[in-house]
Amino acid sequence: SDTANKALDLMANLPLGKPIDSSVSSGFGGRQDPLNSRKAFHEGLDFKGRVGDRVSATGKGKVVSSSYSPDYGEHVIISHGNGYETMYAHLSKRRVEVGETVNAGRCIGLVGNSGRSTGAHLHYEIRYQGAPVNPMQYVQVIQPSLKFSNK
């Protein structure tokens, strides 16, 4: 019973699905940096978007960062427990504060073009125990047909 409860708790908080109803314009892994044309490792997925599109939390968790940085611009980081964190970057507006508990589906910000960015989009990362993991595996649990599209 205790093991089953732990498993259910883990599943309830896992970041699953898409943070925005859009297609992926840049995948996880090696790529050419769009700003300096050098080889780089892309630690997340970029979703197409327009400034002001709603960005939703993909799992229940606690907001551990809601701030600005030169690279990620306006961004939000949510801790989902069990070693999982998600980051939503290049936002035009943040709609959550540090310390807030959010549920999956809650609007946590709006798509933008802040920070080191070439245009309006959402950069989405999942980290497990501090290391980046491919978010597509977690997105496709909910929507298996989602594919990478650079069109």
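His80 and Pro15 get closest at one heavy-atom pair: NE2-CB, 4.0 Å. The shortest heavy-atom contact between Pro135 and Gly44 is CG-CA, 4.2 Å. Looking at every heavy atom in both residues, Leu91 comes nearest to Ser114 through O-OG, 2.8 Å. Of all the heavy atoms in Val64 and Glu85, the pair that sits closest is CG2-OE2, 3.9 Å. Across all non-hydrogen atoms, the minimal contact from Gly49 to Ile20 is CA-CD1, 4.4 Å. Nearest approach of Gly105 to Ser56, heavy atoms of both residues: O-OG, 3.5 Å.
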For Val55 and Val111, run side chain to side chain contact (heavy atoms under 4.5 Å, CB included): C-alpha distance rounded to whole Å, both residues' side-chain angles, the deciding distance at 0.1 Å, then the answer. CA-CA 7 Å; Val55 176; Val111 169; 3.7 Å; yes
query = Checking side chain to side chain donor-acceptor pair (under 3.5 Å) for the pair His42/His123: CA distance, chi angles, key distance, verdict?
reply = CA-CA 10 Å; His42 190 231; His123 174 79; 3.3 Å; yes
Practice prompt. Dump the intermediate steps for side chain to side chain contact (heavy atoms under 4.5 Å, CB included) on Arg95 and Leu110, then the final yes or no.
Written response: CA-CA 8 Å; Arg95 291 215 166 149; Leu110 305 176; 3.7 Å; yes
Stepwise side chain to side chain contact (heavy atoms under 4.5 Å, CB included) test for Tyr88 and Thr58
CA-CA 10 Å; Tyr88 311 79; Thr58 54; 3.3 Å; yes
After noting the C-alpha distance and the side-chain angles of Tyr138 and Tyr128, does the key distance pass the side chain to side chain donor-acceptor pair (under 3.5 Å) rule? CA-CA 12 Å; Tyr138 296 81; Tyr128 178 66; over 6 Å; no
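Put simply, CZ on Arg54 and CG on Asp21 are 12.0 Å apart, with the number rounded to the nearest 0.5 Å. His90 contributes atom NE2, which lies 8.0 Å from atom CG of Asp71 (distance to the nearest 0.5 angstrom). Taken to the nearest 0.5 Å, the OG atom of Ser23 stands 7.5 Å off from the NZ atom of Lys18. To the nearest 0.5 angstrom, His75 atom NE2 is 12.5 Å from Leu122 atom CG. For the atom pair OG of Ser117 and CD of Glu74, the computed distance is 12.5 Å after rounding to the nearest 0.5 Å. The CG atom of Asn82 sits 7.0 Å away from the CG atom of Asn13 when rounded to the nearest 0.5 Å.
Linking Ile, Leu, Val, Met, Phe, Trp and Tyr whenever their side-chain heavy atoms come within less than 4.5 Å puts Ile78 and Tyr124 in one cluster. Hydrophobic clustering of Ile, Leu, Val, Met, Phe, Trp and Tyr side chains at less than 4.5 Å, counting indirect connections, unites Leu14 with Leu45. Linking ILVMFWY residues whenever their side-chain heavy atoms come closer than 4.5 Å, directly or via other members, places Tyr84 and Ile108 in the same cluster. Under a hydrophobic-cluster definition in which Ile, Leu, Val, Met, Phe, Trp and Tyr are linked whenever side-chain heavy atoms come within less than 4.5 Å, directly or via other members, Val133 and Met87 are assigned to different clusters. The hydrophobic cluster containing Tyr72 does not contain Val96, counting ILVMFWY residues as joined when their side-chain heavy atoms lie under 4.5 angstrom apart, directly or transitively.
In this structure, His121 contributes its side chain and Asn113 its backbone to no donor-acceptor pair below 3.5 Å. Of the possible donor and acceptor atoms, none in the side chain of Ser66 sits under 3.5 Å from a partner among the backbone N and O of Val76.
Residue Arg106 qualifies as enclosed at atom CZ: its count of foreign heavy atoms under 6.0 Å is above 12.
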